[in-house]
Amino acid sequence: MIFLAPIYLIVAGAVAAGVVALHFLSTREPDTDLLPTVRFIPKVPVQATTITLRFSDPWLLVLRVLLILLLGAALARPLIHPLSAPVARIALVDVSRAVGDGHELADSAREYVEGAAAVVLFDREAREVGAGAMDSLEALAEGGDVRGAKGSLSSAMIAALRTASRLRDGADSLELVVISPFAREERDAATERIRALWPGRIEVVAVGGRGPVSDRSLDASATAAPDQAADAVIVEWADSTASEFWTERESPDTIAGVRANDAVMVYPFVRRWQPALTTPSALSTGDATARTATAGTRVYARWMDGEPAAFERATAAGCIRSVAIPLPTQGDAILRPAFQRFLAGLGDPCGEPGDPSPLSDAFLTAFAGDGPLAPASEIGRQVKRVTPAVPWILALALLVALAEHWARRRLAAGSGQDPARGRTARDRSGTLAGKRNRRVA
Amino acid sequence: MNAADGALLDAVRSLRWPARRKAPAGLAGDHRSWMRGISTEFEDYRAYRQGDEVSKIDWKLLARRDRAYIRLSTEQTVLPTMIVLDASASMAFPAATLEKWHFARHIAIGLAAAAHSGRDPVGIAVATPQPGGHFLPARTRRGIVHQILALLATVDPAGTPPLAPVFDTVARRSRRARIAIVSDFLGDADELLRLATQHSAAGREVHAIHTIHTTEVSPPTRPALVVDPEEAQLKRPLTDLSRVRYLENFGAWRERLARDWRMAGASYTEVVTGHGAAQAVSRIVRPPETASRA
């Protein structure tokens with residue numbers, strides 16, 4: 001067991017030591033003796049604090065110390081993990097559109113996926129799959145739908161780091177394997193920097209890609225994948241053309257920016273349109289698992305909050321780009337480079353731009369790196385506010401608190417008995433009655 | 001009756017309790033009456049007045065003095081004695097031995113035995129929490145002392161029964177009796193003193209026997225928290241410093257109590273446990289010129 005915040009345990013130990021010390025102080029009234037002429041003794045406070053050589057109320061002390069230590073342990077966030085293995089493998093498998101043959105991908109990934117501590121499938125986004133990762137790969141290969149969105153090595157590496165922080169406590173070293181065609185379109189400006197965060201070598205397994213753009217054949221069916229080039233690009237604006245993609249908002253709002261491919265436009269846009277309810281939610285959320293239902297349509301641009309701002313739907317002749325971005329008509333914002341790139345990009349060929357040709361060997365060598373596997377100690381630990389053991393510890397602390405309360409009440413009830421209780425045969429109910437005129441010194 | 005009671009009765013067998021004042025006229029007894037009668041004990045001569053019995057004229061004196069005088073002699077009468085005994089919780093001290101209570105009980109029995117030895121009727125009234133308390137009217141029968149013994153054996157001191165009403169009841173029911181109060185006077189002492197002053201001024205003989213335990217006179221020196229047996233909320237720490245103040249306060253109170261009772265016309269005797277009940281009874285019944293404060 002390790003503690004994510006051991007300082008709380010140290011503080012709890014100090015507090016418990018203080019409680020132990022306090023139990024050596026006795027502030028209760030001492031045992032009483034009877035004396036009929038008490039009234040002649042001067043009136044002074046009857047309690048005194050003394051230091052005794054042995055602590056009072058041992059069971060109460062035990063319960064209190066236990067309660068404090070349990071609370072400290074809960075705040076310290078203990079982490080119980082199994083015995084660490086020497087090496088834990090993380091397999092990143094590329095399932096983006098850059099992959100040429102799904103069966104080849106599944107075959108190449110098999111030896112790495114089987115026995116891996118974690119398997120992450122990635123394209124534009126990365127997601128960890130649990131048991132049955134090979135089944136998922138083979139199903140994707142059989143369905144011919146391995147080629148989905150554009151892949152992103154940056155997303156894959158971030159997922160690898162996140163997974164590694166979860167696995168670090170159960171292994172001495174972490175092995176990272178990337179099975180991908182390593183297409184150029186999967187590299188972006190942040191890829192090298194994110195790669196630098198991984199503190200060890202990476203095993204690079206290159207599989208066949210789809211090849212350059214010129215090798216691709218055009219598919220003019222209505223359900224053609226949106227990445228196929230087409231001749232005619234039609235742009236329709238939501239403000240001026242009724243579109244199945246958009247419904248008017250009840251109350252327009254303002255948002256600071258929008259991104260379309262590599263154009264990021266920052267401007268106080270007033271959003272009047274929102275994706276229609278008929279728009280598949282997969283498009284709104286980018287969920288690739290529902291891709292089969294949305295073949296032919298992709299999100300072309302997104303607002304800063306992730307909501308789609310433009311859609312591109314493939315047609316027989318090309319594609320239609322439906323845009324709900326109200327470009328500024330006043331001022332010089334429209335002249336900014338980002339706005340100009342966006343406007344120029346509206347006429348680009350249909351489909352997500354990208355270069356499926358493989359990255360250079362130099363890049364792959366640098367990406368793989370050399371040296372040992374990544375030590376687990378150099379991977380940042382995942383921040384967990386509540387570890388699995390905390391609720392149990394708090395439940396136990398609650399039981400101990402109840403026991404302490406019961407013990408304390410029982411102790412107080414016991415110390416409040418009549419000091420002359422030994423004389424049980426006599427009437428103890430005497431109270432001042434009748435004519436009494438006590439003389440008090 | 002236990003061995004201690006038997007020893008006490010043996011020790012006080014020869015004691016008599018003479019009246020300290022002239023008793024009202026009544027049945028013939030050992031005490032001098034206010035009345036002057038025809039007993040053989042000569043007291044005085046008085047000049048003959050018209051109406052006196054001629055048979056009382058002392059002829060020899062007439063022959064010597066040429067004037068007629070009649071002979072007066074002292075009337076002897078009985079003096080009923082009632083003992084009022086305090087059975088409050090403060091008398092039950094210490095809790096383990098009840099030494100103070102047994103000592104007071106022996107004082108009462110000893111006084112009853114001394115009064116009974118002088119052929120005086122004797123009775124007892126015990127102030128207890130039970131309604132009506134315990135009451136035995138004054139009697140001269142042979143077994144009255146044993147009756148008192150048996151009665152006191154059934155009494156457990158407890159509670160805070162006021163003593164003044166018991167004294168008042170006894171005084172009203174026994175108009176001629178002398179009353180001996182055996183108590184520690186930690187209860188309704190002021191009201192009791194007021195009633196005693198009243199009755200003493202009316203000619204009744206009143207005795208106050210202040211019963212004290214040795215621990216009350218000299219408490220233990222170890223620090224302790226002491227509590228009043230009649231009022232559990234009254235707790236005071238007994239330390240070296242407070243012990244000194246306690247002795248001063250307690251002593252001053254005893255002196256004031258003795259002074260007040262004597263000024264009221266009553267006889268005040270302080271008896272402390274450990275000095276023997278028989279000796280204490282002997283001091284109480286002794287004539288005033290030989291009595292001394294404890």
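Residue B/N2 qualifies as enclosed at atom CG: its count of foreign heavy atoms under 6.0 Å is above 12. The environment of A/Y8 atom OH is sparse: at most 12 non-hydrogen atoms of other residues, nucleotides or ligands sit within 6.0 angstrom. Applying the 6.0 Å contact sphere to CZ of A/R408 captures more than 12 heavy atoms from other residues, nucleotides or ligands. Heavy-atom contacts from other residues, nucleotides or ligands closer than 6.0 Å to CZ of B/R243 number more than 12. For A/M304, the CE atom sits in a packed shell: over 12 heavy atoms of surrounding residues, nucleotides or ligands are nearer than 6.0 Å.
Here CZ of B/R236 is found 11.0 Å from CZ of A/F40. Values are rounded to the nearest 0.5 Å. The CZ atom of A/R39 sits 7.0 Å away from atom CH2 of B/W253, with the distance rounded to the nearest 0.5 Å. Rounding to the nearest 0.5 Å places CZ of B/F250 at 8.5 Å from CG of A/L35.
B/S242 and A/I41 get closest at one heavy-atom pair: CB-CG2, 3.9 Å. Nearest heavy atom pair, residue B/F93 against residue A/P36, reads CD1-CD, 3.4 Å.
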What verdict does the salt bridge (Lys or Arg N to Asp or Glu O under 4.0 Å) test give for B/R222 and A/D33, after you've listed the backbone C-alpha separation in whole Å, the side-chain angles of each residue and the deciding distance to 0.1 Å? CA-CA 11 Å; B/R222 62 175 174 82; A/D33 289 338; 2.7 Å; yes
